[in-house]
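Chain identifiers are assigned alphabetically (A, B, ...) following the order of the sequence lines, protein sequences preceding nucleic acid strands; residue numbering begins at 1 within each chain.
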Number of protein chains: 2
Amino acid sequence: MPKKEAATKARAPSARSIDVREAALTLFAERGYHGTSMKDIAAALQLRAPSLYNHVSAKQEILRDVMVDTMNNLLKVVRSAIAGTDDTVLQLRRAAEAHVRYHARHKREVRIGNYEIPALEQPHRGAVTKLRREYSRMFVGLIEKGVEEGVFDTRSPLLAAYGILQMGIGVSMWYTPDGPLSEDDIVFQYGDMALRLVGVTEAEPRVGRRRAK
Amino acid sequence: MPKKEAATKARAPSARSIDVREAALTLFAERGYHGTSMKDIAAALQLRAPSLYNHVSAKQEILRDVMVDTMNNLLKVVRSAIAGTDDTVLQLRRAAEAHVRYHARHKREVRIGNYEIPALEQPHRGAVTKLRREYSRMFVGLIEKGVEEGVFDTRSPLLAAYGILQMGIGVSMWYTPDGPLSEDDIVFQYGDMALRLVGVTEAEPRVGRRRAK
DNA sequence: CCTACCGATCGGTAGG
DNA sequence: CCTACCGATCGGTAGG
């Protein structure tokens, strides 16, 4: 046990602990939380199940950390995307792009985040659900703003927001880096589709260099 | 055991068997297949777990039947929607409407269908996966046809199809009959959004009476 | 439809 | 990091 770091209360991501969480991430995403046993996780690391408890305190703790961290990260990247401009059309494009890019890059995490809510015990399930509401509210609010400004046209900002979010979630189900479509292709085209959903009629000037990594 | 019906090989949906499957449907949708025990299903019917085996042969069999039937039903309703007209724009609208309506009406079934693929054992998992590919191919093919005809405009029929399908799946996650939006509202607006995704610029004449039940 | 029971597996602990 | 082991629960069967 390294003495260097202050004992930040079970907050030493001890490299080996990261391995365990990494293996769990893959298995939870593939087979589901209840479909994965601690023995499965251990086997992936060529260990016996009891050894895992040197690095994590419980199976449920792994799930909780993944879900809470993932929602916080999503909120962060989308908030920062929106903060980057004050043009509402561009804000929605960038928010949608950030959303879908995160779902392409962190497939396992978001799959768990979307599928395993019932497997997350209280009180954390409530906390995560609250973060999720906050997240979708950002998109709804953005679209409502665009409608008020007259740059968006949609009967229901709520349905449009849900549509945009759900499309992005779908990417986590089929995207693979070796597929025919690159991450940037997908991200950009989903940005287009998001704008189409709210009635932005293309032909908008391609503002900024949005090809970035 | 009723003697009336020919022994159609485990095909007597004996009323009580329907109850069991109904209870399982609700629980699998809420907690997931692995998160639901036979004891849970029995308790919902005020029975003991072993009694269930008079009506179903195994837990896995319930899952298999739900998933196979659901995919076949989806294929059927969308095929029939497409067969109803030969105008490609209208075909896509009606296919999208049928898709989303099914997802609103059969929330539990489609949630299981989308979430529990890994819990379905072979060979049925392969069969269901094949049906799913067939299903999405219908949408992709429809959009490709529209692009060739010049009535749709999209860079990637595949992404557009995935977007449309995924939006509809999302409905099964939040729709409730007592919500502010009626099933018909949602269905019609998703039809609009589907057409927007493929670049149909509104203002299309409202062909046929699409308010039907 | 039940009770009684099966072997297997679960998450987790003890103790080194 | 391991072996040995815990009580609880799993899906399912026997037998009535």
Side-chain angles (χ1 to χ4, degrees), chain A residues 1-3 10 12-67 112 115-116 118-122 124-125, chain B residues 1-3 10 12-67 112 115-116 118-122 124-125:
Chain A
M1 180 187 304
K3 195 71 173 297
S14 65
R16 203 63 177 132
S17 152
I18 292 173
D19 292 345
V20 172
R21 289 157 197 277
E22 186 67 19
L25 206 51
T26 299
L27 289 167
F28 287 176
E30 277 173 5
R31 314 178 188 174
Y33 178 77
H34 290 303
T36 304
S37 69
M38 292 300 273
K39 193 180 173 189
D40 293 333
I41 299 169
L45 298 166
Q46 316 213 72
L47 296 176
R48 312 284 172 162
S51 303
L52 300 181
Y53 292 88
N54 293 314
H55 306 107
V56 295
S57 69
K59 189 189 177 191
Q60 178 73 203
E61 182 213 50
I62 306 176
L63 180 66
R64 184 228 301 152
D65 287 352
V66 172
M67 296 193 70
I112 294 168
Y115 280 48
E116 303 296 348
L120 184 62
E121 293 166 13
Q122 296 290 20
H124 304 97
R125 188 169 66 240
Chain B
M1 179 187 305
K3 196 70 175 298
S14 64
R16 204 62 178 134
S17 150
I18 291 173
D19 292 344
V20 172
R21 288 157 197 276
E22 186 67 20
L25 205 51
T26 299
L27 289 166
F28 288 176
E30 278 173 4
R31 316 178 187 173
Y33 178 78
H34 289 304
T36 303
S37 68
M38 291 302 272
K39 193 180 174 187
D40 293 333
I41 299 169
L45 298 166
Q46 316 213 73
L47 296 176
R48 313 283 172 165
S51 302
L52 300 180
Y53 292 89
N54 293 314
H55 307 106
V56 295
S57 70
K59 187 189 178 191
Q60 178 74 204
E61 182 215 48
I62 306 175
L63 180 66
R64 185 229 301 150
D65 287 352
V66 171
M67 296 194 70
I112 294 167
Y115 279 48
E116 303 296 349
L120 185 63
E121 292 166 14
Q122 295 291 19
H124 304 97
R125 186 167 68 242

- Which part of the nucleic acid, if any, lies within reach of A/Ala58 when heavy atoms closer than 4.0 Å are counted: base, sugar-phosphate only, or nothing?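 Here A/Ala58 touches the backbone only, sparing every base.
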Please report the distance, rounded to the nearest Å, between [atom1] in [X] and [atom2] in [N].
{"X": "B/Ile62", "N": "D/dG12", "atom1": "CD1", "atom2": "P", "result": "9 Å"}
{"X": "A/Lys59", "N": "C/dC10", "atom1": "NZ", "atom2": "P", "result": "9 Å"}
{"X": "A/Leu27", "N": "C/dC10", "atom1": "CG", "atom2": "C1'", "result": "16 Å"}
{"X": "B/Glu121", "N": "D/dG12", "atom1": "CD", "atom2": "C1'", "result": "14 Å"}
{"X": "B/Leu45", "N": "C/dC1", "atom1": "CG", "atom2": "P", "result": "9 Å"}
{"X": "B/Gln60", "N": "D/dC10", "atom1": "CD", "atom2": "C1'", "result": "15 Å"}
{"X": "A/Met38", "N": "D/dA8", "atom1": "CE", "atom2": "P", "result": "20 Å"}
{"X": "B/Tyr53", "N": "C/dT3", "atom1": "OH", "atom2": "C1'", "result": "16 Å"}

- Answer yes or no: is there an ion pair linking B/Arg125 with B/Glu116, defined by an N-O contact shorter than 4.0 Å?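 Judged by the 4.0 Å cut-off on N to carboxylate O distance, B/Arg125 and B/Glu116 do not form a salt bridge.
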Within the pair [X] and [N], is there a side-chain N or O less than 4.0 Å away from OP1 or OP2?
{"X": "B/Arg48", "N": "C/dT3", "value": "yes"}
{"X": "B/Arg16", "N": "C/dC1", "value": "yes"}
{"X": "A/His34", "N": "D/dC10", "value": "no"}
{"X": "B/Ser51", "N": "C/dC2", "value": "yes"}

- Where each residue is assigned the nucleotide of DNA chain D containing its nearest heavy atom, which of B/Ser57 and B/Asn54 is assigned the position nearer the 5′ end?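 Nearest nucleotide further toward 5': that of B/Ser57.
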- Would you mind telling me which residue lines up with the more 5' stretch of DNA chain C, A/Asp40 or B/His55, judged by nearest nucleotide?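 Whichever sits nearer the 5' end wins; that is B/His55.
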- Item | First encountered from the 5' end of DNA chain C, between A/Thr36 and B/Leu47 |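 Its nearest nucleotide lies further toward 5', so the answer is B/Leu47.
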- Across all strands shown, which nucleotide pairs with C/dC10 by Watson-Crick or G-U wobble geometry, both distances under 3.5 Å?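 WC or wobble partner is D/dG7.
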- Query: Using purine N1 to pyrimidine N3 plus N6-O4 or O6-N4 for Watson-Crick, or N1-O2 and O6-N3 for G-U wobble, both under 3.5 Å, which nucleotide pairs with C/dG16?
  - Reply: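 For C/dG16, the partner nucleotide comes out as D/dC1, under the 3.5 Å rule.
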- Message: Please give me the minimum heavy-atom distance between B/Arg16 and B/Leu45, naming the atom from each residue.
- Response: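 Minimum heavy-atom contact is NH2-O, 4.2 Å.
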- For B/Leu120 and B/Tyr33, what are the C-alpha separation, side-chain angles and deciding distance, and is it a side chain to side chain contact (heavy atoms under 4.5 Å, CB included)? CA-CA 9 Å; B/Leu120 185 63; B/Tyr33 178 78; over 6 Å; no
- Message: Does A/Gln122, at its CD atom, have more than 12 non-hydrogen atoms belonging to other residues, nucleotides or ligands within less than 6.0 Å?
- Response: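 Yes, the 6.0 Å shell around CD holds more than 12 heavy atoms from other groups.
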- Query: Of all the nucleotides listed (C/dG11, D/dT13, D/dC10), which has the minimum atom distance to the side chain of B/Lys39?
  - Reply: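 My answer, after comparing the listed nucleotides, is D/dC10.
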- For the side chain of A/Pro50, counting heavy atoms from C-beta on, which of D/dA4, C/dG11, D/dA14 is nearest?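 Of D/dA4, C/dG11, D/dA14, D/dA4 is nearest to the side chain of A/Pro50.
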- Query: Are side-chain N/O atoms of A/Asp40 and A/Ser37 paired as donor and acceptor at under 3.5 Å?
  - Reply: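 There is such a pair between these side chains.
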